[in-house]
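Atoms within each ligand, like the ligands themselves, are counted from 1 in listed order.
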Amino acid sequence: MSASTPRPGSHGTLITVAPTGAEHAKSDVPNLPVTLDELVATARDCERVGAAMIHVHIRGEDTKPTLDLGRLKDTVQALRAETGLIVQLSTGGAVTDPEADRLRVLDAMPDSASCTMGTVNFGDDVFMNRWEFIVELHKGMQERGIVPEYEIFDLGQLATLHRLLDQYGPPAGGRVHVDLVTGVPGGMPGDAETLVAALRLLPDGASFSATGVGRASLPVLLAALSTGGHLRVGMEDTVSYARGERVRDNAQLVARAAGLAKIAQRPPLPVGEVRELLGVGRIG
Ligand code: KMH
Ligand code: ZN
């Protein structure tokens, strides 16, 4: 794709909210949505201010991350019943989750699921994604008609994405969508130069969103808007709104992203257009 070719969907902006994640403890971040009621309320608020997709990690009764299949199914059902958002489940889970549990997430039959393209140091931990596991996830989603979002934490993972598509064919829905996750300690830095370097390595015709973790949040958001990219924001990635100011709630982050997208003349895309962009709900 040449620099002048518009990126898919770039007349507007897909805003994904990642409200919870697996890393923050409820005791440290009391406004983190961890119960199903809190998650649904958050989802509704975020949809109202411009989100079209929700990237979901769930918590158990003890507020700790879980991949319990029954809870995941209930969550997908509740979000579908109460919102129009595209429901994306995380198959990344927490760094401690075994591969079998992460694969089983697909049996909850979300619209979309994340699929990370390689192993990366993750702070003091390791987020493990072996090649064989990536292939199993990709094929599992093809079989079930679940649209993947390929999570990229470092530039080399884009080479793995090319290898995956070359060897195992296009994803369910036929569109390739990538989320560039920047600013994880151990992954690619969250700055405009790195984002632009990643764009050169995207598969032809792919759409991308970008996420900046922590203080990378705003620079990466602005760089993504100016390069035809889409946005992921939420308390999974940042709990600080500005220097010395904690995030009030996820909707505050979505509203800021929507406002900046409007200023960039790329207003939030409605869910119907995002379904088309990602190939969600298409046969084959
Ligand atoms: N929680 C991280 C270890 C994903 O959702 O697919 C992995 C993660 C990526 O958040
Ligand atoms: Zn996640």
Asker: Does any N or O of ligand 1 fall below 3.5 Å from an N or O anywhere on Gly93, backbone included?
Answerer: yes
Asker: Please determine whether Glu151 has a backbone or side-chain N, O or S atom lying under 2.8 Å from the Zn ion (ligand 2).
Answerer: no
Asker: So which heavy atom on Ser10 is nearest to which on Gly228, and how close?
Answerer: CB-O, 3.7 Å
Asker: Just say parallel, tilted or perpendicular for the rings of Phe122 and Phe127, cut-offs at 30° and 60°.
Answerer: perpendicular
Asker: Judging by distance only, is a nitrogen or oxygen of Ser114 under 3.5 angstrom from one on ligand 1?
Answerer: yes
Asker: Using a 3.5 Å distance criterion without hydrogens, assess whether the side chain of Asn250 forms a donor-acceptor pair with backbone atoms of Met235.
Answerer: yes
Asker: Answer yes or no for Arg102 and Phe133: cation-pi contact, defined as NZ/CZ to six-membered ring centre under 6.0 Å and angle to ring axis within 45°.
Answerer: no
Asker: Can you list the atoms of ligand 1 that are under 4.0 Å from a heavy atom of Gly92?
Answerer: 4 (C), 6 (O)
Asker: Decide salt bridge (Lys or Arg N to Asp or Glu O under 4.0 Å) for Asp107 and Arg104; before the verdict, give the C-alpha distance in whole Å, the side-chain angles of both, and the deciding distance to 0.1 Å.
Answerer: CA-CA 6 Å; Asp107 292 334; Arg104 204 174 310 114; 5.6 Å; no
Asker: Taking 4.0 angstrom as the limit and counting only heavy atoms of Glu236, give me the atoms of ligand 1 inside it, by number and element.
Answerer: 10 (O)
Asker: Indicate the atoms forming the closest heavy-atom contact of Gln252 with Glu245, along with that distance.
Answerer: NE2-OE2, 4.1 Å
Asker: For Asp74 and Arg71, run salt bridge (Lys or Arg N to Asp or Glu O under 4.0 Å): C-alpha distance rounded to whole Å, both residues' side-chain angles, the deciding distance at 0.1 Å, then the answer.
Answerer: CA-CA 5 Å; Asp74 290 348; Arg71 279 183 107 85; over 6 Å; no
Asker: Could you tell me, atom by atom, which parts of ligand 1 come under 4.0 Å of a heavy atom of Ser90?
Answerer: 4 (C), 5 (O), 6 (O)
Asker: Should you measure from each heavy atom of Glu23, which atoms of ligand 1 turn up under 4.0 Å away?
Answerer: 1 (N), 2 (C), 3 (C)
Asker: Using a 3.5 Å cut-off on N or O atoms only, is His57 in polar contact with ligand 1?
Answerer: yes
Asker: With respect to the Zn ion (ligand 2), what is the nearest N, O or S atom of Glu236?
Answerer: OE2
Asker: How many degrees, to 10°, between His57 NE2 and His55 NE2 as seen from the Zn ion (ligand 2)?
Answerer: 100°
